[in-house]
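Written out below as structure tokens is the structure these notes cover.
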Number of protein chains: 2
Amino acid sequence: MRPTVHDVAGEAGVSLATVDRVLNRRSGVRAETVARVNAAIVRLGYVRDISAANLAKQRVYNLLFIVPEGSNSFMLGLENELSQAKLYSVLDRTHLDIHKVKTFDADALAVALEGIDAGQVSGVALVATESERVRRALVRLREAGIPIATLVSDVSEAYRDHYVGIDNIAAGRTAASLIGRFVGERTGKVALVAGSMLVKDHAERCAAFEQAIRGEFPGLECLPAIEGRDDAVVTRALLAELLDRERDVVGLYSIGAGNRGVIDVLTSRAEYRGITVVAHELTDHSKQALRDGIFDAVINQDAGHEVRSAIRLLKARIDDTPVIANQEAIRIEIYIRDNLP
Amino acid sequence: MRPTVHDVAGEAGVSLATVDRVLNRRSGVRAETVARVNAAIVRLGYVRDISAANLAKQRVYNLLFIVPEGSNSFMLGLENELSQAKLYSVLDRTHLDIHKVKTFDADALAVALEGIDAGQVSGVALVATESERVRRALVRLREAGIPIATLVSDVSEAYRDHYVGIDNIAAGRTAASLIGRFVGERTGKVALVAGSMLVKDHAERCAAFEQAIRGEFPGLECLPAIEGRDDAVVTRALLAELLDRERDVVGLYSIGAGNRGVIDVLTSRAEYRGITVVAHELTDHSKQALRDGIFDAVINQDAGHEVRSAIRLLKARIDDTPVIANQEAIRIEIYIRDNLP
DNA sequence: GGAGTTTTGAGGTACGTAAAGCAGAATCTG
DNA sequence: CAGATTCTGCTTTACGTACCTCAAAACTCC
């Protein structure tokens, strides 16, 4: 049988209360005694029984997720995964709160963060838009002992405990490689369609993509990125105009949201079918575009995985328990028509 | 606060003992009373507290993993993930037993399965080699109420509760698309390097690959697959001979284990560098081959994910609890140089 | 309506830990 | 060395569920 606190107490020659004090980092134990208890713990291989501890503690994890109010389908997917997670959260004493703030609006995010009652919330995950005010708000929370995870979009490392999302620079390079390889011998121009360059992840993908194309595919030339601002109408208009103007576009990189607009334009003329397209985010639309041969590849981050990972990471911080690093790594997934899930 | 069994008893107007009988499916409760209790459970939204239940039950999950004794690096990786999982398994009352059997040997597997004491083991996961005797052994276990999960390699659906692994037909098609697209305008032959065609997953990948190449890339022609039997020396010899003989090989699909042998041969002559290569399984060797430009893409299934998923699925079966389907889907991962984890 | 059976109630113990209060011991301070 | 302070021991209650026993109540059947 597994050893219990009683066994540890016996082994260390101290009382159960002392073991409890050591285990829960309560004060009032001499360093020497602490060492003795810890030695006994190691000797016996004692591991705290989480079930019993949770039961006794009556702990409830109040996790707050702050996400941009959904315009694009990726964020809608993320929200959907959050509500899914909410269904199961009862099972492990977790209460998920979802707070929506205006997209791309650092001040709105800061207001949300500033409004958090540190006594009520045990952990926060947010899709970050960075600003000085946001950073200050994060500092306050962390000083109150609240762990912070950024989701999808990051802030500087110093202001959060975990980043849950992909390496956007690598993602941009990946897109470049795919387009370069798929285009093959042909030469020509590559169009870039972004949501907004104000968002760090889009900017990073874009820069990395351009650099990789320049460095490795001399036959290709990147056109200046157009910014669709997560709006299908705007994206459609800008892209249609661009493709109308530029005659030798052989590739297109859709950096973020706005796939619907891209698909609309690409299906509008037969001659556009030859363009090699790599897009981001797997949604119903982009899946269909893959099946139809409009998109050649889609780069994805698994929103469900991200939500579950953020929850696990925050809880691990709260409880000071270890984490399985591999399980928390968010992959840069590549999908083509044949490996759709 | 969350409702407890006491609340349910009150709401249903029965005693705690009756609620307990209903919850744990014990006999001696009239159907009508059962209905009343269940109605109360629904009304209150009662959910059993797993922590408390586990504590009271003193349940220990004894899970047995049967894996082929590792020759190839994928299986070694799987074993490694299993030992990793073992470290954390103490935390949730799970005991993992790992049993190794001779590779590709259905009888050895059957012997292992037949030797299982149904009273001691609560769930079994196995890398399957199918045979009549194996099927019989699985039937016996399932009749004893032991859930079965197949790992990486499947048996017919009727003989197991879950399959944890990728769709190998889709994987073969994926490889075909990648090679076809990467090769581009060039025409020529494609070499296939398998472990053994006796293993279902290799056979499936191979067949799907050949069919996809035939159907979609008329400029390419598949050579008969060579079987390296998971042995670097054999693979090396066969492949070297093949490439020496065939003059216009433009693509190579490494279907399973044996990547080391493939890499050896491909680096042996400068002229082989032009061959487009897609391989299976991400290991240190294949990662390096991607970085060096020897491999163009690697298709992978995440062994760690598979192990954790199998554990979750078996436990869910044992406890009769729900499962998050998306979390358990094993992806056909595509890696190129730029999106390595 | 009585004997027999089935269903239900009441109450207890146990699981391993958390968290308290209080008393007593050990150690430090001046 | 007295007094203050820090450390430790002992004990109790609680968490929510599982599982058991024994007795009482409610049914069945003849």
Side-chain angles (χ1 to χ4, degrees), chain A residues 1-41 44-61 90-95 122 318-321, chain B residues 1-41 44-61 90-95 122 318-321:
Chain A
M1 279 307 296
R2 256 173 92 156
T4 73
V5 270
H6 294 85
D7 302 321
V8 173
E11 177 77 15
V14 300
S15 79
L16 208 143
T18 301
V19 174
D20 181 67
R21 288 178 186 117
V22 173
L23 279 177
N24 296 292
R25 293 200 171 72
R26 279 188 262 277
S27 62
V29 186
R30 258 183 311 168
E32 185 207 335
T33 313
V34 172
R36 215 164 64 233
V37 171
N38 282 326
I41 288 175
L44 295 179
Y46 168 80
V47 190
R48 189 198 303 249
D49 183 316
I50 299 185
S51 288
N54 281 341
L55 183 60
K57 256 194 293 225
Q58 285 286 89
R59 148 153 293 156
V60 178
Y61 303 89
V90 192
L91 291 173
D92 28 16
R93 296 194 137 74
T94 307
H95 181 78
S122 31
I318 294 168
D319 290 341
D320 198 19
T321 50
Chain B
M1 279 308 295
R2 240 174 105 158
T4 73
V5 270
H6 293 86
D7 302 323
V8 174
E11 177 77 15
V14 300
S15 79
L16 209 140
T18 302
V19 174
D20 181 67
R21 288 178 185 117
V22 173
L23 278 177
N24 296 292
R25 294 197 171 73
R26 278 188 263 277
S27 63
V29 186
R30 260 184 309 171
E32 184 208 335
T33 313
V34 172
R36 216 164 65 232
V37 171
N38 282 327
I41 288 175
L44 295 179
Y46 168 80
V47 189
R48 188 197 304 251
D49 184 316
I50 300 184
S51 288
N54 282 341
L55 182 60
K57 254 196 293 226
Q58 287 286 86
R59 146 151 293 155
V60 178
Y61 303 89
V90 192
L91 291 172
D92 28 18
R93 294 193 139 74
T94 308
H95 181 79
S122 31
I318 295 167
D319 290 342
D320 198 20
T321 49

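Order of the sequence lines sets the chain letters (A, B, ...), proteins ahead of strands, with each chain counted from 1. Note that this is a predicted model, so its numbers are computed, not measured.
OP1 and OP2 of D:dT17 both lie 4.0 Å or more from every side-chain N or O belonging to B:Gln58. A close approach under 4.0 Å does not occur between any side-chain nitrogen or oxygen of B:Arg26 and OP1 or OP2 of D:dA18.
Between A:Ala9 and A:Val19, the shortest heavy-atom contact is CA-CG2, 3.5 Å.
For A:Arg59, the side chain to side chain contact (heavy atoms under 4.5 Å, CB included) partners two or more places apart in sequence, or in a different chain, are A:Lys57, A:Tyr61, A:Ile318, A:Asp319. In terms of the salt bridge (charged side-chain N to carboxylate O under 4.0 Å, His left out) criterion, residue partners of B:Asp92 (sequence neighbours excluded) are, by chain and number, B:Lys315. Annotation: side chain to side chain donor-acceptor pair (under 3.5 Å) contacts of A:Asn24 (sequence neighbours excluded): A:Asp20, A:Arg48. Considering only residues two or more places apart in sequence or on other chains, B:Leu16 meets the side chain to side chain contact (heavy atoms under 4.5 Å, CB included) condition with B:His6. The side chain to side chain donor-acceptor pair (under 3.5 Å) test applied to A:Asp49 returns B:Arg93, not counting sequence neighbours. A:Ser15 meets the side chain to side chain donor-acceptor pair (under 3.5 Å) test with A:Thr18; sequence neighbours excluded.
Sorted by first and then second residue, the pairs that involve residues 1-13 of chain B and meet salt bridge (charged side-chain N to carboxylate O under 4.0 Å, His left out), not counting sequence neighbours, are B:Glu11-B:Arg43.
Here D:dC19 presents its P atom at 6 Å from CG of B:Asn24, a figure rounded to the nearest Å. The CG-C1' distance, from A:Leu91 to D:dT17, rounds to 15 Å in whole Å. Distance A:Asp92 CG to D:dG16 P: 16 Å, rounded to the nearest Å.
Distance from the side chain of A:Leu55 is smallest to D:dC15 among D:dT8, D:dC15, D:dC19.
Residue contacts for A:Asp20: at a heavy-atom cut-off of 4.0 Å it reaches a base atom on one of the strands shown. Using a 4.0 Å heavy-atom cutoff across all strands shown, B:Asn54 reaches no nucleic acid atom at all.
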Interface polar pairs with nucleotides 10-14 of chain D, N/O, under 3.5 angstrom:
none

Is there a side-chain contact (heavy atoms from CB on, under 4.5 Å) between B:Asp320 and B:Arg25 once you walk through the steps? CA-CA 12 Å; B:Asp320 198 20; B:Arg25 294 197 171 73; 3.8 Å; yes
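Protein chain B contacts DNA chain C from C:dT7 to C:dG16, reading 5' to 3' and using non-hydrogen atoms of the protein with a distance under 4.0 Å.
For the segment residues 31-39 of chain A, the set of residues with a heavy atom within less than 4.0 Å of an atom of DNA chain D comprises A:Thr33, in numerical order.
Side-chain atoms of B:Tyr46 and B:Leu23, non-hydrogen and from C-beta on, do get closer than 4.5 Å to each other.
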Show me, pair by pair, the donor-acceptor contacts under 3.5 angstrom made by side chains of residues 30-40 of chain A, not counting sequence neighbours?
{"unit_1": "A:Arg36", "atom_1": "NE", "unit_2": "A:Ala12", "atom_2": "O", "d": "3.1"}
{"unit_1": "A:Asn38", "atom_1": "ND2", "unit_2": "A:Val34", "atom_2": "O", "d": "3.3"}

